[in-house]
Amino acid sequence: MPMADVRPFLEALAAANPDPRSELDYTDPYTLLIAVVLSAQTTDAGVNRATRTLFAEAPTPEAMVRLGVEGVGQHIRTLGLWQGKARNVVELSRLLIERHGGEVPRDREALEALPGVGRKTASVVLNVAFGESAMAVDTHIFRLGNRTGLAPGKTPREVEDALVRRIPPDMLRNAHHWLILHGRYVCKARVPECWRCVAAQWCRYPDKTPPPVEKPAKRKSP
DNA sequence: ATCCCGAGGG
DNA sequence: CCCTCTGGAT
């Protein structure tokens, strides 16, 4: 049975996933754009750290171009795929100046025309920084949408459309973030931890896995 | 060993 | 659809 109303589900996820944007201003489109470009094949902690030190040195597109590929690389060497990302960050910044007066365009086509920016990155920027009705579907959200009944679909695009259609407009902003965190840390691919899921009561997933049996604490053994 | 909060290209 | 680029976490 499909979830009748997605609002309680999303409210529970929102409450369980406090806004992680504390040290960095991810409401700033440029900061967010760079952070998301850096995020592929890496951990969130790594991206946060790299973005923080990078922006301390080059907070604007102009400064980023001046810093150059080598300079950017210094900040992101611990991330996966960092060589390509360093090139993308600099070239993308140059194009922002050349095409958009140094601003991040509020436009999907313009965003996706930038190197290193695909559909998912553009969606996150449009949604989180600009408040547009966009969703990005990765493996976590795809699985969660189908498993929970929130947004069933055979293809990522179908799931995406279902999400944009079903999620109340006032909840769309940041919904991507709540869903992705929930999919990563609770509604996991192999072993979903339903016993600590705040939204289990609205979920149709049949496998309500029990909590792991508490192993006897290891006393000082002989 | 396996999996990523992807994009670009064949 | 497939593959490659890459480092870190588990």
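Here is the naming used below: chain letters follow the sequence lines, and residue numbers restart at 1 for every chain.
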By the 4.0 Å heavy-atom rule, please label A:Thr78 as base, sugar-phosphate, or nothing. sugar-phosphate

Let me know, please, whether A:Val117 or A:Gln41 comes out on the 5' side of the other along DNA chain B by nearest nucleotide. A:Gln41

For the side chain of A:Gln83, counting heavy atoms from C-beta on, which of C:dT6, B:dC4, C:dA9 is nearest? C:dT6

Tell me whether A:Arg157 is salt-bridged to A:Asp161, with the criterion being a basic N under 4.0 Å from an acidic carboxylate O. yes

Just verifying a value: how many Å separate A:Asn127 CG and A:His176 NE2, rounded to the nearest 0.5 Å? 8.0 Å

NZ/NE/NH1/NH2 to OD/OE distance under 4.0 Å, A:Arg66 and A:Glu62: no

Give the rounded distance in Å between these two atoms: CZ of A:Arg190 and C1' of B:dC3. 10 Å

Whole angstroms only, please: what is the CD1-P distance between A:Ile76 and C:dG8? 12 Å

Given atom CG of A:Asp138 and atom P of B:dA7, what is their separation to the nearest angstrom? 10 Å

Nearest-angstrom distance from the residue atom CG of A:Asp44 to P of C:dG8: 15 Å

Specify the separation, in whole Å, of atom CD of A:Glu91 and atom P of B:dA7. 17 Å

If each of A:Leu114 and A:Ile180 is mapped to the nucleotide of DNA chain B with the nearest heavy atom, which maps nearer the 5' terminus, i.e. the 5' end? A:Ile180

Rounded to whole Å, the NZ-C1' distance (A:Lys85 to B:dC4) equals 10 Å

Which nucleotide in the set B:dG6, C:dT6, C:dA9 lies at the smallest distance from any side-chain heavy atom of A:Trp82? C:dT6

Please compare A:Arg184 and A:Ala40 by the position of their nearest nucleotide in DNA chain C and report the one closer to 5'. A:Ala40

For A:Leu92 and B:dA7, give me the distance from atom CG to atom P, rounded to whole Å. 12 Å

Would you say the side chains of A:Lys85 and A:Thr42 form a donor-acceptor pair under 3.5 Å? yes

Considering every strand and a 4.0 Å limit on heavy-atom distances, what is the contact class for A:Gly118: base, sugar-phosphate, or nothing? sugar-phosphate

Short side-chain N/O contact to B:dA7 OP1/OP2 from A:Thr121, under 4.0 Å: yes

Any carboxylate oxygen within less than 4.0 angstrom of a Lys/Arg side-chain nitrogen, looking at A:Glu160 and A:Arg119? yes

Between C1' on B:dC4 and CG on A:Leu181, what's the gap in Å once rounded to a whole number? 14 Å

